[in-house]
Amino acid sequence: MIEIRGDNKLTGQELFLAKSKIKGLIYARVSSDDQIDNYSLESQVDLCKDYAIKHLGYNEDELMAFIEEGEMGDNPDRPALNYMLKLLTKDGIGEVVIVYDSDRLARDNFLQRWILNTILEAEATLKLVNDTSFNPFDENEMLKFNIKGVLAEYMKKKIRSESKRGRMTKVKKHQQLMGLGRIYGYTFNKEKDMLEINPFERDVILRIVDMLLNQNMSCSQI
């Protein structure tokens, strides 16, 4: 099985062979937020591959996996996703897209529907490992698909809100901020597990404040 990670591309020879050989396109994605749901790239790819072999009758060499790490589900500009859709729509590679769950495609309802429509317009179909009954031409299944898309979008915003609140709490307690390795004006004390004021950088910040408020200097002058 060929694996495409991030912004990697097929070579000319691989592209030529793929046009006559590849039938199933696997898409796997994780972001930092997905750690809450215990997603992993390896498990997604393995489950999609097993599904394709057992339920669709494909051989492993008829599959190509597109693997996206650290990409947010509401971002439409994901390199592996865009390349997969390009191969599907422009190069005619693949007849089915396989993902573990619909929120791996997107955590945005509009974007999720756009991706599905792009797949269908290429005369391909979408298979969900976590929802084997999914049929894009069944109105009840599409209702469920859209509801899950709305819920995924809601959960995404909820996670962001809770993360922001957690970061603000850490700031007030002078503790390390998650996701930020360095804050100017502070030094992280590993022994105390908290942020401490850096005297030299504090003086620089106070000089900047004085230039702005008391000396009426512009940003360029500062």
Distance check, rounded to the nearest 0.5 Å: Leu143 atom CG versus Asp138 atom CG? 10.0 Å
Could you go step by step and tell me if Arg104 and Gln44 meet the side-chain contact (heavy atoms from CB on, under 4.5 Å) rule? CA-CA 9 Å; Arg104 299 303 81 209; Gln44 287 181 61; 3.1 Å; yes
Flag for Glu68-Tyr83: side-chain donor and acceptor within less than 3.5 Å: no
Establish, from distance only, whether the side-chain atoms of Asn189 and Thr187 form a donor-acceptor pair under 3.5 Å. no
More than 12 foreign heavy atoms under 6.0 Å from CD of Glu3: is that the case here? yes
For Lys21, does the NZ atom sit with more than 12 other heavy atoms under 6.0 Å from it, leaving out its own atoms? no
Minimum heavy-atom distance Ile115-Ala106, with the two atoms named: CD1-CB, 4.3 Å
To the nearest 0.5 Å, what is the distance between CG (Leu126) and CG (Leu105)? 5.5 Å
Ring-face cation of Lys127 near Tyr51 (centre distance under 6.0 Å, axis angle within 45°): no
Between Val204 and Tyr184, is the side-chain contact (heavy atoms from CB on, under 4.5 Å) condition met? List the steps. CA-CA 10 Å; Val204 173; Tyr184 193 83; 3.6 Å; yes
Same hydrophobic cluster for Met1 and Val129, using side-chain heavy-atom links shorter than 4.5 Å among ILVMFWY? yes
Stepwise, does the side-chain contact (heavy atoms from CB on, under 4.5 Å) test hold for Trp114 with Asn117? CA-CA 5 Å; Trp114 177 83; Asn117 289 338; 5.7 Å; no
Leu17 side, atom CG; Thr11 side, atom OG1 - distance, nearest 0.5 Å: 8.0 Å
With a 4.5 Å limit on heavy-atom distance, are the side chains of Ile197 and Tyr186 in contact? yes
Would you please test Tyr100 and Val45 for side-chain contact (heavy atoms from CB on, under 4.5 Å) and show each step? CA-CA 8 Å; Tyr100 175 71; Val45 173; over 6 Å; no
